[in-house]
Amino acid sequence: MNKIEDDKKRIAKIMEILEKEYPNVKSDLINTSPFQLLIATILSAQCTDKRVNMVTPKLFSEYPTAKELANAENEDVEEIIFSTGFYKNKAKNIISCSNYLLENHSGEVPSTMEELVKLPGVGRKTANCVLGNYFEPEGIVVDTHVIRITNLLGFVKTRNAEAIERYLMKIIDKKYWVNSTHYFIRLGRAVCIARRPKCSECKIKQYCNNYKENMKL
DNA sequence: CTCCCGATAT
DNA sequence: ATATCAGGAG
C-alpha cells in the first residue's frame, strides 16, 4: 500500500541478510588516515579499488600527508597514479586539494559535508565515504553499484545519485547508513554484477523486483 | 549534457 | 569491440 513503509520493511530484511553474508565489511581502499582515504577515494572514480591499491602505497610513501602532496610536482604524481585513469584531472585535484587543506584546515581533513564538498575533486559520494569511515555519516554513499542495485531491487527509478541518497536516507535505519553501501558493493562485485547478474546465487532475490519480474514465471 | 581515461573481463 | 570500474567538473 504505502511504498515508503513497504520499502522500509523490505530493505530492513535485505540489510539483515547481507549483514550475515558480509560480516565485518569495511573500505577496501588502503589507508591509514582520513587524508589517505580522501585521496584514495578521489582516485577511485571510474576505477576498481584493486587498481587504486596498486598505486597508493607508492603515492603515500612519497607523499604521506597533505603537506608533502601539496608541494608535489604535477608530472611526478601523474606518473604514479597513471594506471587509475583520468590521471591528469586526478593529479591536479589531489595536489590542489592538499593545498586547500593546508590553507584552510591546517592540513587536516574537515569532518562535515559542507566543508568536504568544497575540496577540488570531492563530491557527495567521496565526502560521504570519508565521513562514514572516519567521522559521523551525514548521508549514504551512492556509487555505481548502489545506483544499479537499488534500481534493480525496485526502490528507485532514477540514476540521479542525490535523489537515490535522499530516498535511501528515508528508508534505511541509520545504523546501516555506512554498511549498506559496503554490502551493495560486495554484492555488486560478486553476485549482482553489472554485465550479468547471477540471480540464482543471490541471497536477496526474494526481495528483488528485477528477479521477480524477469527471472521467475 | 560532455569530458576526463587506463585496465580488465567478456 | 565493448561495457564497466567506490565520480566530479564545466
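Each chain gets a letter, A, B and so on, in the order its sequence line appears, and its residues count up from 1.
DNA chain C is contacted by no residue of residues 150-160 of chain A, taking any non-hydrogen atom closer than 4.0 Å. Less than 4.0 Å separates DNA chain C from at least one heavy atom of each of the following residues of residues 24-41 of chain A: A/S27, A/L29.
The shortest non-hydrogen separation linking A/F82 to A/Y87 is CE1-CE2, 3.5 Å. Minimum heavy-atom separation, A/N99 to A/A70: ND2-O, 3.2 Å.
Heavy-atom contacts from other residues, nucleotides or ligands closer than 6.0 Å to NZ of A/K3 number more than 12. Counting heavy-atom neighbours within 6.0 Å of A/E68 CD, excluding the residue itself, gives a total above 12. The neighbour count for A/N24 CG, taken as heavy atoms of other residues, nucleotides or ligands under 6.0 Å away, does not exceed 12. Within a 6.0 Å sphere centred on CD of A/E62, heavy atoms belonging to other residues, nucleotides or ligands number more than 12.
At whole-Å resolution of the value, CD1 in A/I164 and C1' in C/dG7 are 13 Å apart. Taking atom CE of A/M54 as the reference point, atom P of C/dC5 lies 17 Å away to the nearest angstrom. Atom-to-atom, OH of A/Y134 to P of C/dA6 comes out at 19 Å; the value is rounded to the nearest Å. Rounded to a whole Å, the CZ atom of A/R196 is 17 Å from the P atom of C/dA3. One interatomic measurement links the two molecules: CG of A/L116 to P of C/dG7, which rounds to 17 Å at whole-angstrom precision.
Residue A/F86 is in base contact, counting any heavy-atom pair closer than 4.0 Å across all strands shown. Among the protein residues, A/R186 comes within range of no part of the nucleic acid, since none of its heavy atoms lies under 4.0 Å from any strand. Using a 4.0 Å heavy-atom cutoff across all strands shown, A/H145 reaches sugar-phosphate atoms only and no base atom. If you check every strand for non-hydrogen atoms under 4.0 Å, A/T144 touches sugar and phosphate atoms only.
Looking at A/L101 and A/P110, their side chains come closer than 4.5 Å, going by heavy atoms from C-beta outward. At least one side-chain heavy atom of A/I164 sits less than 4.5 Å from a side-chain heavy atom of A/I147.
Nucleotides C/dG10 and B/dC5 place their P atoms 14 Å apart, quoted to the nearest Å. For the C1' atoms, the distance from B/dT2 to C/dA6 is 22 Å, rounded to whole Å.
Of the charged side-chain nitrogens involved, none lies within less than 4.0 Å of a carboxylate oxygen, so that A/K9 and A/E5 do not count as a salt-bridged pair.
Here salt bridge (charged side-chain N to carboxylate O under 4.0 Å, His left out) pairs that include residues 127-140 of chain A, with residues two or more places apart or in two chains, number zero. Judged as a salt bridge (charged side-chain N to carboxylate O under 4.0 Å, His left out), the pairs with a partner in residues 19-48 of chain A (not counting sequence neighbours) are, in order, A/D28-A/R186, A/D28-A/R189.
Counted by atom type alone, A/N89 and A/N93 present zero donor-acceptor pairs between their side chains at under 3.5 Å.
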Find every protein N or O atom lying less than 3.5 Å from an N or O atom of nucleotides 8-10 of chain C, and list the pairs.
{"unit_1": "C/dG8", "atom_1": "OP1", "unit_2": "A/G123", "atom_2": "N", "d": "2.9"}
{"unit_1": "C/dG8", "atom_1": "OP1", "unit_2": "A/G123", "atom_2": "O", "d": "3.4"}
{"unit_1": "C/dG8", "atom_1": "OP1", "unit_2": "A/T126", "atom_2": "N", "d": "2.9"}
{"unit_1": "C/dG8", "atom_1": "OP1", "unit_2": "A/T126", "atom_2": "OG1", "d": "2.6"}
{"unit_1": "C/dA9", "atom_1": "OP1", "unit_2": "A/G121", "atom_2": "N", "d": "3.1"}

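Using modelled atom types, one side-chain atom of A/R148 and one backbone atom of A/C192 make a donor-acceptor pair closer than 3.5 Å.
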- Task: Output, in order, the C-alpha distance, side-chain angles, deciding distance and verdict of side chain to side chain contact (heavy atoms under 4.5 Å, CB included) for A/T181 and A/N128.
- Result: CA-CA 10 Å; A/T181 304; A/N128 272 326; over 6 Å; no
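Taking only side-chain nitrogens and oxygens, A/R195 never comes nearer than 4.0 Å to OP1 or OP2 of C/dC5. The side chain of A/R189 contributes no N or O atom lying less than 4.0 Å from OP1 or OP2 of C/dT4.
Along DNA chain B, the nucleotide nearest to A/K50 and the one nearest to A/K88 differ in position, and the one closer to the 5' end is contacted by A/K88.
Here the range on DNA chain B touched by chain A, meaning any atom under 4.0 Å from one of its heavy atoms, is B/dC4 to B/dT10.
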